[in-house]
Amino acid sequence: MTNNELTLEQLENALDIEMETSDLITKLVKKSFEEERIRRQPIKIVKITPHESKKIKPDFKVQKKSVA
Amino acid sequence: MGTFTIDANIPISFLDTNINLWDDFIKYVQESSYRVIIPQEILNEIGRGSIMKKRKVEECPLVTVVDVNDSLYETIKTECETIDPQIQDNDYRLIASAIQYDVNLVSNDYALITVAQRYKQIKNIPIEKNMTLTTANLLWLMHSERKDLFGWKTLIRFNLKIYRHTEIPNTYDGIRNREWPEELAKKRFDPYHQNISKTIDGVKVL
């Protein structure tokens, strides 16, 4: 579309808006990249150490077989 | 960024044989899972200048031609006329499409951008919602988001091409036939200059 009546003042206002938009784009893009990075972080795999595994005991008693 | 509603001047300049940015733009839209909409009346405006360009836009599967709600258009036109009565009916239609479909607006018409921004301020629309982007802003967005598709050399090349083949002829015509102050010519390079400087600053020297 043509902008027949564009004046210098109007252009200066529009250029200011344009610069603000450019800065805003940079901020929004950085923010969305950061969110994406967090989203894509691998799931943490928790390993049970041998020490901790000893604590896990079966909740039943092993019956000793009687020797005939 | 989601979806863009585009003004006629975007495909008109992007499909210019001296610029050839349309395919890169569509690839960026596709790879980023974005969408492009265009009001029917704006598409018709492209067709009045070039049937081939209209067909290219129409046939692109990522571009959806949309209808703009008449009552919303009339309301926005009435409200925006108090800001700047000089802009055209299709400008109001483009602003209405951005509001109706809740999308970002892209145009290289500075008068339209000013009106759309003032409208947003009056309606208390947050700055990051229904963003208004000029061509230079769109180039910066493409580079910022997808350096894999739109690296710094490509960004610089297209900034210079658009300035050379769109801005200079438009400003020349403005000065010669529409009584624009000559100072406009210098200032219209500023956004492209900023884009180029920012991207060069961002390039790591190995």
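Note on naming: letters A, B, ... go to the chains in the order of the sequence lines (proteins, then strands), and numbering restarts at 1 for each one. Quick note: numbers below take in every heavy atom, side chains included, and nothing from hydrogens, waters or symmetry partners.
Among A:T26, A:L15, A:N13, the residue with the largest count of heavy-atom pairs under 4.5 Å with chain B is A:L15. Here B:K187 is the residue among B:E183, B:K187, B:Q117 with the most heavy-atom pairs under 4.5 Å with chain A.
Both the backbone and the side chain of A:L8 come within contact range of chain B, with heavy atoms under 4.5 Å apart. For a residue to count as touching a neighbouring chain, one of its non-hydrogen atoms must lie under 4.5 Å from one of that chain's; by this rule B:P191 touches chain A with backbone and side chain alike. Using a 4.5 Å cut-off between heavy atoms, B:I127 contacts chain A through both its backbone and its side chain.
Classification of the B:H143-B:W140 ring pair by plane angle, with boundaries at 30° and 60°, yields tilted. B:F4 and B:Y34 have perpendicular rings, their planes meeting at more than 60° on a 0 to 90° scale where under 30° would count as parallel. Using the six-membered ring where Trp is involved, B:F25 and B:W22 have ring planes that are tilted, between 30° and 60° apart.
Residues forming a salt bridge (Lys or Arg N to Asp or Glu O under 4.0 Å) with B:D148 (at least two apart in sequence, or on another chain): B:R146.
Under the 4.0 Å criterion applied to side-chain N and carboxylate O atoms, B:D102 and B:K129 are assigned as salt-bridge partners.
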